[in-house]
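The structure appears below as structure tokens.
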Amino acid sequence: MHGSVKPHTACSITCVLSVVVGASACGVPPTLSGSDGSGSSGDDDLDAWAGDDTDGDGEEPGGSSRGSGGGSGGGSGGTGDGPDDDGHGMTAGIGEVGPDSGDGPDVSCPCPDPSQFGSVWLPSPEDGLVYKIDADTMEIAGAYATAAEGGKPVTTAVSIDGHAVAVADEGGGLTKIWTRPGLCDGQQDTNPEVRTSTGPTALPFGTDECVAWSTPLPFSRQIPIGWGPGAIDAVSCESTAQVVWTAGCTVSSANTRVVRVDGETGVVLGSLELDLFPCNGAMPTMGAVDRSGGFWLANSVAGASRLAKVDASGQLEAIEVPPLLPAGLTIDATGHVWLSSRYGSAQATAARLEPVTHTWSLAKNILATGRSGIVEDLDGRMWLAYERFHHVDEAPGVTWIDAGTMHVGAPASAGCPGGRCDGITMDFGGRVWSTSSHDARAYRYDPDAGEVKDIGGLRVSAYGSDPTGWSLRNAACAGP
């Protein structure tokens, strides 16, 4: 075990880490803000978090049992009876029924149809737009404004069913965009056709009928995002009660606040203040959701890095001290948590956490350095971009780590001539996408064909997220 704190209660987490990071003394366990005996600092204007759970029971005001997406996103509802629609032979059963699935019947449902996921959603803070890129043609299929003015979309996450993308604004706020015109409102005027962007030009904010909602949040800085898998309807096999997770800092609080928002309405369901992620340079910059609907988040601060999990009901469940300086975060198909290493900190390319035993493993047979995110493919390879592949004279590109053996594989030149690819994702054709905020380009690498294609003119964000929906689907639908 490396620097791990195995909690028995949320209170014990705060007590133990108070020695490590100077957290406040242990009192009652931290709960959703506004609840009795909250561990929050109490100096925030709670009116800003309208809709907060006020009794800590995971239900939103009015008794609606939404929780935070609830239920299990996958794994416990059976394994299916054959390959899914993407032809890769992955079998999975998604979820159990209901937000509190312990008493409900199990249901075996196929993973969402891959045909629902045909785009890569890339945020451009400098342009104030989110670009929809066709994953096959690599052409801009839409551009969307997420704020009236001054918006800075910084991360994106696609829902488990591929129907919507959520966008975090670095200056505070969340926006939901429908992924296809057939899902959009089309009710803003008398024209029966949906008015939406179909190319690189965005419509004025508030006029694109594929923008479902936009919820401002009183953050001064906000980066991580994740979309929960929700609960599975036993009859329709559709995901319901989905939530969007984010985290950021407010002017009035010294600590990071985690927020969960109703994916259907954009209403804030609850929030939690984390005193282990102070806002003075240590706020989390990356996030991912596991199959149980829990939100993992991490920061990248030398000597003070932390990895935390907030469970699906909004309670702090675990805190870990990573054995390296994180650059990217993802959950693999077996539930392991992965952190790529920022510039090869701790002389490792990546670290893998077994969340039940709280043990870490390191990929260090070859040191690939950079500041890339990390993503798993269907063959159990964890892909990341590198700026330098040690002991090998290679141009910047991508490489992979065997998820079982932790061995770093061969390098592959895949764009990034400026050496600064940071974002990484998989599309549903098995191709690896890397993005460079330095080169203002996105690169697509086909591991089977060894082919690289790119698209320029995109001043993309330097922060990783889940712009295709692959990571959530892989974490929530695959594995035993």
Side-chain angles (χ1 to χ4, degrees), residues 121-123 125 152-158 166-170 174 219 221-228 244-249 255-260 274 276-279 281-290 294-302 304-310 316 318-332 336-343 345-346 348-353 355 360 370-376 382-385 420-426 433-435 437 460-472 474-475:
W121 295 82
L122 299 179
K152 296 182 67 176
V154 66
T155 49
T156 58
V158 176
V167 185
D169 191 293
E170 187 168 7
L174 289 170
F219 285 134
R221 192 164 188 244
Q222 169 193 349
I223 295 173
I225 194 169
W227 202 304
V244 181
W245 293 89
T246 190
C249 292
N255 302 310
T256 294
R257 185 176 288 273
V258 177
V259 176
R260 54 193 176 97
L274 299 178
L276 301 170
F277 289 90
C279 287
M283 70 165 282
T285 56
M286 59 201 85
V289 178
D290 63 21
F295 184 50
W296 291 83
L297 61 164
N299 63 2
S300 184
V301 182
S305 290
R306 299 288 178 266
L307 169 70
K309 178 183 178 180
V310 178
L316 180 62
I319 288 285
E320 302 285 344
V321 180
L324 46 70
L325 185 63
L329 165 65
T330 196
I331 315 295
D332 72 15
H336 291 107
V337 183
W338 287 77
L339 297 173
S340 54
S341 177
R342 190 172 184 86
Y343 297 114
S345 64
T349 298
R352 182 190 70 194
L353 172 69
W360 290 93
R371 56 177 185 177
S372 168
I374 186 167
V375 66
E376 184 183 28
M382 310 300 301
W383 289 88
L384 50 87
R420 294 189 185 178
C421 272
D422 25 50
I424 197 157
T425 192
M426 295 286 301
W433 287 69
S434 53
T435 58
S437 55
V460 293
S461 167
Y463 295 99
S465 48
D466 189 13
T468 64
W470 172 263
S471 292
L472 174 59
N474 182 56

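Excluded from the calculations below are hydrogen atoms, water molecules and symmetry mates; all remaining heavy atoms, backbone and side chain alike, are included. Residue indices begin at 1 and follow the sequence shown.
The main-chain N or O of Ile223 is found under 3.5 Å from a side-chain atom of Thr155 such that the two form a donor-acceptor pair. Using a distance-only test at 3.5 Å, with no hydrogens or angles considered, a donor-acceptor pair links the side chain of Ser300 to the main chain of Pro326. With Thr256 contributing its side chain and Phe277 its backbone, the two residues share a donor-acceptor pair below 3.5 Å. The backbone N or O of Glu376 sits less than 3.5 Å from a side-chain atom of Trp470, completing a donor-acceptor pair. For the pair Ser341 (side chain) and Leu324 (backbone), a donor-acceptor distance under 3.5 Å is absent. Ser340 contributes a side-chain N or O that, together with a main-chain N or O of Ser372, makes up a donor-acceptor pair within less than 3.5 Å.
Under the salt bridge (Lys or Arg N to Asp or Glu O under 4.0 Å) criterion, Arg371 pairs with Asp422, sequence neighbours left out. With sequence neighbours excluded, no residue satisfies side chain to side chain donor-acceptor pair (under 3.5 Å) with Ser461. Judged as a salt bridge (Lys or Arg N to Asp or Glu O under 4.0 Å), and not counting sequence neighbours, Arg352 has no contacts.
Counting all heavy atoms, side chain and backbone alike, Trp360 lies closest to Val321 at NE1-O, 3.9 Å. Nearest heavy atom pair, residue Ile225 against residue Ala166, reads CD1-O, 3.4 Å. Between Pro224 and Ala247, the shortest heavy-atom distance links the atoms CD-O, 3.4 Å. Minimum interatomic distance between Ala346 and Pro323 (heavy atoms only, all atoms of both residues): CB-O, 3.0 Å. Across all non-hydrogen atoms, the minimal contact from Leu297 to Leu274 is CD1-CD1, 4.2 Å. Across every non-hydrogen atom of Gln222 and Ala168, the tightest pair is NE2-CB, 3.6 Å.
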Start with the C-alpha distance between Arg306 and Glu320, add both sets of side-chain angles, then the distance that settles salt bridge (charged side-chain N to carboxylate O under 4.0 Å, His left out), and finish with yes or no. CA-CA 6 Å; Arg306 299 288 178 266; Glu320 302 285 344; over 6 Å; no
Show your reasoning for whether side-chain contact (heavy atoms from CB on, under 4.5 Å) applies to Ile331 and Val289. CA-CA 7 Å; Ile331 315 295; Val289 178; over 6 Å; no
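Trp338 and Asp332 form a side-chain donor-acceptor contact under 3.5 Å, judged by distance and modelled atom types alone.
When side chains are defined from C-beta on, Val158 does not count as touching Trp227, because their heavy atoms never get closer than 4.5 Å.
Between Leu339 atom CG and Leu384 atom CG the span is 12.0 Å, to the nearest 0.5 Å. How far OG1 of Thr425 is from CD1 of Ile374: 12.5 Å, rounded to the nearest 0.5 Å. The CG atom of Leu174 sits 9.0 Å away from atom CG of Asp169, with the distance rounded to the nearest 0.5 Å. Cys279 SG to Arg221 CZ: the interatomic distance, rounded to the nearest 0.5 Å, is 10.0 Å. Interatomic distance, Trp383 CH2 to Ser434 OG, rounded to the nearest 0.5 Å: 10.5 Å. In this structure, CZ in Arg260 is found 12.5 Å from CZ in Phe295, a value given to the nearest 0.5 Å.
For Lys309, the NZ atom counts as densely surrounded, since its 6.0 Å shell holds more than 12 non-hydrogen atoms of other residues, nucleotides or ligands.
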